[in-house]
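Below: the structure, in structure tokens.
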Amino acid sequence: MQQQTDAPSEGRSLSDTHMMLYRALHAQTNYLRPRMAKIGLGPGQPKILGYLRVNGPCSQRALAEYFELDPAAVSRMLASLSQSGFVRMTRGEDRRTRLAEVTGEGRVALAEWDRCCDEEGATMLAGFSPEEVARLQDYLGRIHANLRRANRGTAPDKEAL
């Protein structure tokens, strides 16, 4: 007969919160990636287009900081977006700075992407009340903030707990 203890069981990570988030993200990726490819966009590119459309021309560094990405990864995404005609690169205030801005073709691709995201959101949140959606968004925002603080080595806000 096996003894039961209060100690956590091995393999518990298969059903904990991080695995639930991972599986939801994986299912979302599987839903969106073929739609993204149909538009002519690659992984990570839609968010770059969205940021540029909302915020206007900006540097690779600003994009990397906002999305918490390696600047080299952003550089590769911008090069690909530029080659596809979705982004135009222009010289910034100094020789080393280049600014990215969305082109007309990029705006068309972004509008298509936004429609895909609307469909995905409706599918993902089917059966959720507006209050539940607001709570979920609050929880995800707090999770993000907690993890960012942990990555910086700072303590979480007491209000966030």
Side-chain angles (χ1 to χ4, degrees), residues 17-126 128 130 132-157 159-160:
T17 304
H18 98 270
M19 183 58 72
M20 292 175 78
L21 281 169
Y22 168 80
R23 293 188 72 206
L25 174 63
H26 191 71
Q28 180 189 46
T29 299
N30 287 340
Y31 181 94
L32 290 173
R33 207 162 262 169
R35 290 159 176 84
M36 184 187 327
K38 189 175 180 183
I39 298 168
L41 295 169
Q45 293 178 348
K47 66 184 169 211
I48 300 291
L49 285 180
Y51 184 91
L52 293 173
R53 182 71 176 120
V54 169
N55 296 290
C58 72
S59 69
Q60 170 186 319
R61 178 179 291 159
L63 289 164
E65 287 174 5
Y66 181 81
F67 289 112
E68 303 171 43
L69 295 171
D70 176 57
V74 173
S75 178
R76 287 188 298 274
M77 281 188 263
L78 288 173
S80 179
L81 285 165
S82 179
Q83 189 173 25
S84 299
F86 296 144
V87 166
R88 175 178 29 258
M89 302 302 294
T90 59
R91 183 169 280 179
E93 292 181 17
D94 61 46
R95 284 190 204 175
R96 294 183 306 165
T97 304
R98 291 176 30 130
L99 300 177
E101 64 180 308
V102 179
T103 64
E105 287 180 59
R107 287 199 268 306
V108 170
L110 181 60
E112 250 183 272
W113 174 250
D114 285 343
R115 281 190 293 280
C116 289
C117 289
D118 291 342
E119 291 170 8
E120 180 261 350
T123 299
M124 175 176 61
L125 299 170
F128 284 66
E132 289 172 321
V133 171
R135 279 197 305 264
L136 176 61
Q137 290 173 343
D138 175 62
Y139 297 153
L140 291 171
R142 289 166 51 191
I143 288 168
H144 178 248
N146 288 342
L147 290 171
R148 281 196 71 183
R149 279 189 293 277
N151 289 336
R152 289 189 207 130
T154 58
D157 295 336
E159 289 180 15

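Quick note: numbers below take in every heavy atom, side chains included, and nothing from hydrogens, waters or symmetry partners.
Contact detail for Met89 and Ala100: the closest heavy-atom pair is SD-CB, 3.6 Å. Taking both residues in full, the closest heavy atoms of Val102 and Arg88 are given as O-NH2, 4.4 Å, listed atom of the first, atom of the second, then distance. Nearest approach of Cys58 to Leu52, heavy atoms of both residues: SG-CD2, 3.5 Å. Closest approach of Pro43 and Met36 over heavy atoms only: N-SD, 3.6 Å. Closest approach of Gln60 and Pro71 over heavy atoms only: NE2-O, 2.9 Å.
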>> Let's go through Thr103 and Val87 carefully: what are the C-alpha distance in whole Å and the side-chain angles of both, what is the deciding distance for side-chain contact (heavy atoms from CB on, under 4.5 Å) to 0.1 Å, and is it a yes or a no?
In response: CA-CA 5 Å; Thr103 64; Val87 166; 5.5 Å; no

>> Walk me through whether Gln28 and Glu120 qualify under side-chain contact (heavy atoms from CB on, under 4.5 Å).
In response: CA-CA 8 Å; Gln28 180 189 46; Glu120 180 261 350; 3.0 Å; yes

> Hey, mind stepping through Arg23 and His26 against side-chain contact (heavy atoms from CB on, under 4.5 Å) and telling me if it holds?
Replying inline: CA-CA 5 Å; Arg23 293 188 72 206; His26 191 71; 5.5 Å; no

>> The test is side-chain contact (heavy atoms from CB on, under 4.5 Å); show your working for Leu110 and Leu41 and say whether it passes.
In response: CA-CA 9 Å; Leu110 181 60; Leu41 295 169; over 6 Å; no

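Rounding to the nearest 0.5 angstrom, the gap separating the CE atom in Met124 from the SG atom in Cys117 is 9.0 Å. Remark: Leu63 CG to Ile48 CD1 distance equals 4.5 Å, nearest 0.5 Å. From Arg53, atom CZ reaches atom CG of Asp114 across 10.0 Å, with rounding to the nearest 0.5 Å.
No donor-acceptor distance shorter than 3.5 angstrom exists from the side chain of Ser82 to the backbone of Leu78, with no hydrogens or angles considered. Between the side chain of Asp138 and the backbone N or O of Ala134, no donor-acceptor pair lies under 3.5 Å.
Sequence neighbours left out, not one pair with a member in residues 73-125 passes ring-ring contact (aromatic ring centres under 6.0 Å, His included). Note on residues 66-80: pairs passing side chain to side chain donor-acceptor pair (under 3.5 Å), not counting sequence neighbours, are Gln45-Ser80, Glu68-His144, Glu68-Arg148.
More than 12 heavy-atom neighbours from other residues, nucleotides or ligands sit within 6.0 angstrom of NE2 on His18. Counted within 6.0 Å of CZ on Arg107, heavy atoms from surrounding residues, nucleotides or ligands total more than 12; the atom is thus considered enclosed.
Under a cutoff of 6.0 Å and an axis angle of 45°, Arg35 and Tyr31 form a cation-pi pair.
When the options Val54, Ile39, Leu81 are evaluated for a side-chain contact (heavy atoms from CB on, under 4.5 Å) with Leu49, the one that passes is Leu81.
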